[in-house]
J.: 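Pasting a structure below so you can have a look.
Just so you know, these numbers come straight off a predicted model, no measurement behind them.
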Amino acid sequence: MAGAADCGSVKMAEAERSAETLKEKANNYFKEKDYENAIKYYSEAVELNPDNAIYYGNRSLAYLRTECYGYALADATLALELDKNYIKGYYRRATSNMALGKFKAALKDYETVVKVRPNDKDAKLKYQECSKIVKQKAFERAIASDELKRSVVDSLDIESMTIEDEYLGPKLEEGGKITLKFMKEMMGWFKDQKKLHRKCAYQILVQVKEVLSKLPSLVEITLKETETITICGDTHGQFYDLLNIFELNGLPSETNPYLFNGDFVDRGSFSVEVILTLFGFKLLFPDCFYLLRGNHETDNMNQMYGFEGEVKAKYTAQMFELFSEVFQWLPLAQSINGKVLVMHGGLFSEDGVTLDDLRKINRNRQPPDSGPMCDLLWSDPQALDGRSVSKRGVSCQFGPDVTKRFLEQNQLDYIIRSHEMKSEGYEVTHNGQCITVFSAPNYCDQMGNKGAYIHLRGSDLKPEFHQFAAVPHPNVKPMAYANSLMQMGMM
């Protein structure tokens, strides 16, 4: 018996040594920012030694870097179940909860760290920052329940705003009319890192709110046989890459229609320039320039990932409130010739959702935590059949069988979605029935991915992929305007 026990302990020691080797391999991949391989080898280490909290903690951080907040949260929780004194576990769980907008849960973990390490300045700072957000959210809820919120538009007096003589930038024509000349001047002005006058910015926002509010939640268009539309994925505040798309593919026009599939803002530090350009083109070509809402056209995301901070730095808090109102009117999905459905995230947590259900969605709000509106903005495809818990901690992941059933029920050929960085800029999955397109190359200045856009011709609706590389931009780092917690080495 003793021999068997010895043999078992030898095997266990070997497994632990092998796990450590795998962890070191994973750490090296992590340092090289190859997070997928890091996750792979941390997972192999976990299989060999499932009782080591550090493996879960490290994998949690790799998941955070790939925006898999749901998986990151689960791993941090497992790490703490194994070792309640593992301080990094509390940090990681707090970060995951922050990213998911669960600020009270995050505060609890920061509180734990501060109690254990009362002299840790970093921990104290994070605790104070998170506490501030929790109080702010409580205040906002109190105001919201007090009275029906008045639109910012009602309190604006744009006519009385004067454009100073020293402002030499682009101005809208009489009555706030947008022209192609204005759009070209504005893009050139932004390219030189200059700021559009606040009066012009407000004029664009007020008008685009009016245009978007008249659109249905599901926009339905028909391409003629000879017509081609360009579909772009996430742009995430990468203004100079947006200019490059127009350079490569031509400016929007009645003969060169575009659809931008959400996540225009956040992370990249030129989000204001991106969104004002896109809104300007929407006003110039309302019937052939299309915008759909992404999960980052929402208050929680904007508060954490930079857009709110950027608008406040470049303009005012009041202007951010107006952006928030406008984002709520962005449509959620678009069908092309009744055969292709485009949305930012993906399909649904339950079977049986029809196009008519999408038409009926009341979208003028912050998205709920579940249901079709949430799924359209947040879900992701997976390789296996069925559904599983979302790696992001919101909505779900859906398999090829789910896609097939949805398409058959709604007489569609395939879906186009965005929402996920792809190294080639696009990916075709689910037997050609689910296409991902992502248009932010070298995402966050660190992922090294290509960007892509899709051409769809009315004659055959066969997707044609075009890839492009990142172009240089001024030395303003991504996340420069993000919530300070996101800048404190937490991500």
Side-chain angles (χ1 to χ4, degrees), residues 33 65-67 183 186-196 230-252 258-282 289 291-298 301-302 304-311 313-314 323 327 330 344 417-427 436-454 465-482 486-487 491:
K33 296 176 182 171
R65 292 285 161 88
T66 54
E67 301 179 24
M183 288 305 299
M186 181 172 75
M187 287 188 290
W189 191 249
F190 285 158
K191 192 178 178 181
D192 292 337
Q193 284 185 275
K194 293 174 181 171
K195 200 169 74 173
L196 185 69
T230 300
I231 300 172
C232 298
D234 304 34
T235 45
H236 274 302
Q238 296 186 196
F239 178 69
Y240 294 84
D241 293 308
L242 174 66
L243 290 184
N244 190 36
I245 292 173
F246 293 149
E247 187 70 33
L248 296 168
N249 193 61
L251 285 175
Y258 277 84
L259 191 170
F260 280 84
N261 194 23
D263 279 15
F264 319 119
V265 301
D266 279 341
R267 296 193 179 277
S269 297
F270 303 95
S271 292
V272 165
E273 290 78 3
V274 167
I275 195 62
L276 288 176
T277 300
L278 296 177
F279 281 169
F281 277 121
K282 181 64 190 170
F289 189 85
L291 300 170
L292 297 180
R293 192 175 186 179
N295 63 303
H296 276 267
E297 279 71 55
T298 57
M301 292 290 110
N302 296 162
M304 296 309 299
Y305 292 99
F307 185 60
E308 180 179 341
E310 185 180 338
V311 177
K314 292 177 179 176
F323 269 113
F327 286 166
L330 285 162
H344 179 73
R417 42 89 62 182
S418 299
H419 195 39
E420 284 181 289
M421 188 278 294
K422 298 295 172 187
S423 58
E424 293 300 310
Y426 72 94
E427 185 177 64
T436 299
V437 61
F438 192 83
S439 304
N442 194 25
Y443 181 44
C444 288
D445 282 0
Q446 65 174 6
M447 299 309 288
N449 60 294
K450 291 173 185 166
Y453 50 85
I454 298 171
F465 302 100
H466 298 264
Q467 296 170 299
F468 60 98
V471 294
H473 64 74
N475 188 24
V476 184
K477 287 180 169 54
M479 303 283 278
Y481 300 98
M486 294 287 127
Q487 297 172 354
M491 299 307 291

J.: Any chance you could measure D266, atom CG, to D234, atom CG, to the nearest 0.5 Å?
T.: 11.0 Å

J.: Do we see a donor-acceptor contact under 3.5 Å between the side chains of N442 and N449?
T.: no

J.: When rounded to the nearest 0.5 angstrom, what is the spacing between CE in M447 and CZ in R65?
T.: 10.0 Å

J.: Hey, what's the ring geometry for F281 with F289, parallel, tilted or perpendicular (30° and 60° as the breaks)?
T.: tilted

J.: Closest heavy-atom contact between Y443 and H236?
T.: CE1-CD2, 3.7 Å

J.: Could you note down all residue pairs passing side chain to side chain donor-acceptor pair (under 3.5 Å) where residues 469-479 supplies at least one of them, sequence neighbours left out?
T.: D445-H473

J.: So which heavy atom on L276 is nearest to which on M186, and how close?
T.: O-CE, 3.5 Å

J.: Check whether any side-chain heavy atom of T298 sits under 4.5 Å from a side-chain heavy atom of F327, and report yes or no.
T.: no

J.: Just by modelled atom types, is the F270 backbone N or O under 3.5 Å from a matching donor or acceptor in the Q238 side chain?
T.: no

J.: Decide, yes or no, whether a salt bridge links K314 with E273 under the criterion of side-chain N to carboxylate O below 4.0 Å.
T.: yes

J.: Please name the pair of heavy atoms, one in Y305 and one in H296, separated by the smallest distance, quoted to 0.1 Å.
T.: CD1-CE1, 3.8 Å

J.: How far apart are the C-alpha atoms of F279 and F264, what are their side-chain angles, what is the distance that settles it, and do they pass the ring pair (Phe, Tyr, Trp, His ring centres under 6.0 Å) test?
T.: CA-CA 11 Å; F279 281 169; F264 319 119; 7.3 Å; no

J.: Are H344 and D263 linked by a side-chain donor-acceptor pair shorter than 3.5 Å?
T.: yes

J.: About how many Å separate OG of S269 and CD of E310, when rounded to the nearest 0.5 Å?
T.: 6.0 Å

J.: Passes side chain to side chain contact (heavy atoms under 4.5 Å, CB included), L251 versus M187? Steps please.
T.: CA-CA 11 Å; L251 285 175; M187 287 188 290; 3.6 Å; yes

J.: Taking all non-hydrogen atoms of both residues, which atom of C444 and which atom of R267 are closest, and how far apart?
T.: SG-CD, 3.7 Å

J.: Are the side chains of F190 and F239 in contact, using a 4.5 Å heavy-atom criterion?
T.: yes

J.: Would N295 and H419 count as a side-chain hydrogen bond (donor to acceptor under 3.5 Å, both in side chains) here? Give the steps.
T.: CA-CA 8 Å; N295 63 303; H419 195 39; 3.3 Å; yes

J.: Looking at A452 and S439, what are the two nearest heavy atoms and their distance?
T.: O-OG, 2.6 Å

J.: Between OG1 of T436 and CD of E427, what distance do you get to the nearest 0.5 Å?
T.: 6.0 Å

J.: Would you check, one step at a time, whether the test side chain to side chain contact (heavy atoms under 4.5 Å, CB included) holds for F260 with I231?
T.: CA-CA 6 Å; F260 280 84; I231 300 172; over 6 Å; no

J.: Between V311 and N302, is the side chain to side chain contact (heavy atoms under 4.5 Å, CB included) condition met? List the steps.
T.: CA-CA 10 Å; V311 177; N302 296 162; over 6 Å; no

J.: Nearest 0.5 Å, please: how far is CD in E297 from CG in L291?
T.: 9.0 Å

J.: Side chains of T235 and V265: does their closest heavy-atom pair fall under 4.5 Å?
T.: no

J.: Between atom CH2 of W189 and atom NZ of K194, what is the distance when rounded to the nearest 0.5 Å?
T.: 4.5 Å

J.: Mind checking whether P472 and Y240 have side chains closer than 4.5 Å, heavy atoms only?
T.: no

J.: Do you know the tightest heavy-atom contact between G233 and S418?
T.: CA-OG, 3.3 Å

J.: Relative to the ring of F465, is the ring of Y426 parallel (under 30°), tilted (30 to 60°) or perpendicular (over 60°)?
T.: parallel

J.: Would you list the atom pairs, donor with acceptor, under 3.5 Å between side chains in residues 243-250 and any protein atom, with sequence neighbours excluded?
T.:
from, atom 1, to, atom 2, distance (Å)
N249, OD1, H455, NE2, 2.7
N249, ND2, T230, OG1, 2.9
N249, ND2, Y258, OH, 2.9

